[in-house]
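All remarks here apply to the structure that follows.
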Amino acid sequence: MSQEIIDIVQNYLTPNIPITLVSQGAEAVVFTTHVHPYLPQDSNKTGETKYIIKYRPHKKYRHPVIDQQLTKKRTLGESRLLAKLYQIDGLKVPKLIACDQYNGCIWLEFLGSQLPDNNGFSNLKHFLWWNKADPYNNVVKESLLKVGQQIGILHWNDYVHGDLTSSNIVMVQDKLGVNVWNPHLIDFGLGGVSNMVEDKGVDLYVLERAIISTHSAFSDQYVEWIMQGFSQVYEQHGATGEKKLKELLKRFHEV
Ligand code: AMP
């Protein structure tokens, strides 16, 4: 990780907002902080609440003007999409807190859970590893049904994710149940509006590949549960839902 990028972000945020690096991808660098972008500092007295800062670094190989336009477009695009998705009934995505499209930063609600081996962060991939000694237990089944339901709600509303891997599904522990998990979808940098069965089929295919590649021994059952949850959402919408589901499943099997 280049210290240069951390310095750029820290410099822009000023030393009053301490940041901790979480991950660096090709498109974005992600940090956590305990400081809210516009509420007074003492609104987080216990220091327990964390926020995510997602920063899109400048690309030196791009012309600076094009680079700035692209950064602005993608930062705004992801923010707008998240804000719309957050309003969809039943869909779980992080809440957008702030967007600074000129500096390429968005602030999000931090989604965290305590898994013993993973610094408090748990995506679907870790969650399935964590359960590998008892891979078909009821908690796994219920959680994967919910994963499918989340994708079903997203697709039913004509949105697609664009990079639906098991790392982009965060498992959040329910406040009322120690072993009840609520999957949330993150990273909508490649997401958008689409009513095309092809785009939705690709989302499902990408997730299936991700599960096969990391949990191959159990993947058939896992994918079946996800598809079961997915189908439930469409089936709730009567004949129209059933028809759309049929087209989608056909497409999914073709991909
Ligand atoms: P992204 O570039 O959006 O895929 O984020 C990269 C990584 O940052 C993810 O794989 C997570 O580890 C972490 N992350 C991103 N958004 C959140 C969030 N809202 N809550 C918790 N962790 C997140």
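Below, all heavy atoms of this structure are taken into account, side chains as well, without hydrogens, waters or symmetry copies. Computed from a predicted structure; not experimentally measured.
In this model, no donor atom of one side chain and acceptor atom of the other lie less than 3.5 Å apart for Glu142 and Asn138. A donor-acceptor contact closer than 3.5 angstrom links the side chains of Asp100 and Tyr12. With no hydrogens or angles considered, a side-chain donor-acceptor pair links His58 and Asp67 at under 3.5 Å. Asn195 and Asp158 form no side-chain donor-acceptor contact under 3.5 Å, judged by distance and modelled atom types alone.
Distance alone, capped at 3.5 Å, is enough to place a donor-acceptor pair between the Gln10 side chain and the Ile17 backbone. Under a 3.5 Å cut-off, the side chain of Gln149 and the backbone N or O of Gln232 do not form any donor-acceptor pair. Looking at Asn137, its side chain does come within 3.5 Å of a backbone N or O of Val139 through a donor-acceptor pair. Side-chain atoms of Asp203 come within 3.5 Å of backbone atoms of His161 as a donor-acceptor pair (strictly under, hydrogens ignored). The main-chain N or O of Pro135 is found under 3.5 Å from a side-chain atom of Tyr222 such that the two form a donor-acceptor pair. At distances below 3.5 Å, at least one donor-acceptor pair connects side-chain atoms of Asn123 with backbone N or O atoms of Lys125. The main-chain N or O of Phe110 is never found under 3.5 Å from a side-chain atom of Lys50 such that the two would form a donor-acceptor pair. A distance-only check finds no donor-acceptor pair linking the side chain of Thr71 to the backbone of Gly104 [under 3.5 Å].
Under the 4.5 Å side-chain heavy-atom criterion for Ile, Leu, Val, Met, Phe, Trp and Tyr, Val197 and Val193 are members of the same hydrophobic cluster. Put simply, Val206 and Ile153 are part of two different groups of oily side chains (I, L, V, M, F, W, Y) that touch within less than 4.5 Å, one to the next. By the criterion of side-chain heavy atoms lying less than 4.5 angstrom apart, applied directly or through intervening Ile, Leu, Val, Met, Phe, Trp or Tyr residues, Ile212 is not grouped with Met227; the two fall into different hydrophobic clusters.
Aromatic ring centres of Tyr51 and His34: separated by at least 6.0 Å.
Under the 4.5 Å side-chain criterion, counting only non-hydrogen atoms from C-beta, Tyr38 is in contact with Ile97. Between Gln150 and Val233, every side-chain heavy-atom pair lies at or beyond the 4.5 Å cut-off. Two residues are said to be in side-chain contact when any heavy atoms from C-beta on lie closer than 4.5 Å; Ser143 and Phe127 meet this criterion. Put simply, the side chain of Lys250 does not reach to within 4.5 Å of the side chain of Lys246, judged on heavy atoms.
Ring orientation note: the planes of His126 and Trp129 are tilted relative to one another, at an angle of 30° to 60°. Below 30°, between 30° and 60°, or above 60°: for Tyr234 and Trp156 the angle between ring planes is above 60°, a perpendicular geometry.
Between the NE2 atom of His215 and the CG atom of Leu124 there is a distance of 6.5 Å, given to the nearest 0.5 Å. With rounding to the nearest 0.5 Å, the separation of CZ in Phe188 from CG in Asp163 is 10.5 Å. Annotation: the span from His63 atom NE2 to Gln68 atom CD amounts to 11.0 Å, rounded to 0.5 Å.
Classification of Lys243 and Glu247 as a salt-bridged pair holds, one side-chain N sitting under 4.0 Å from a carboxylate O.
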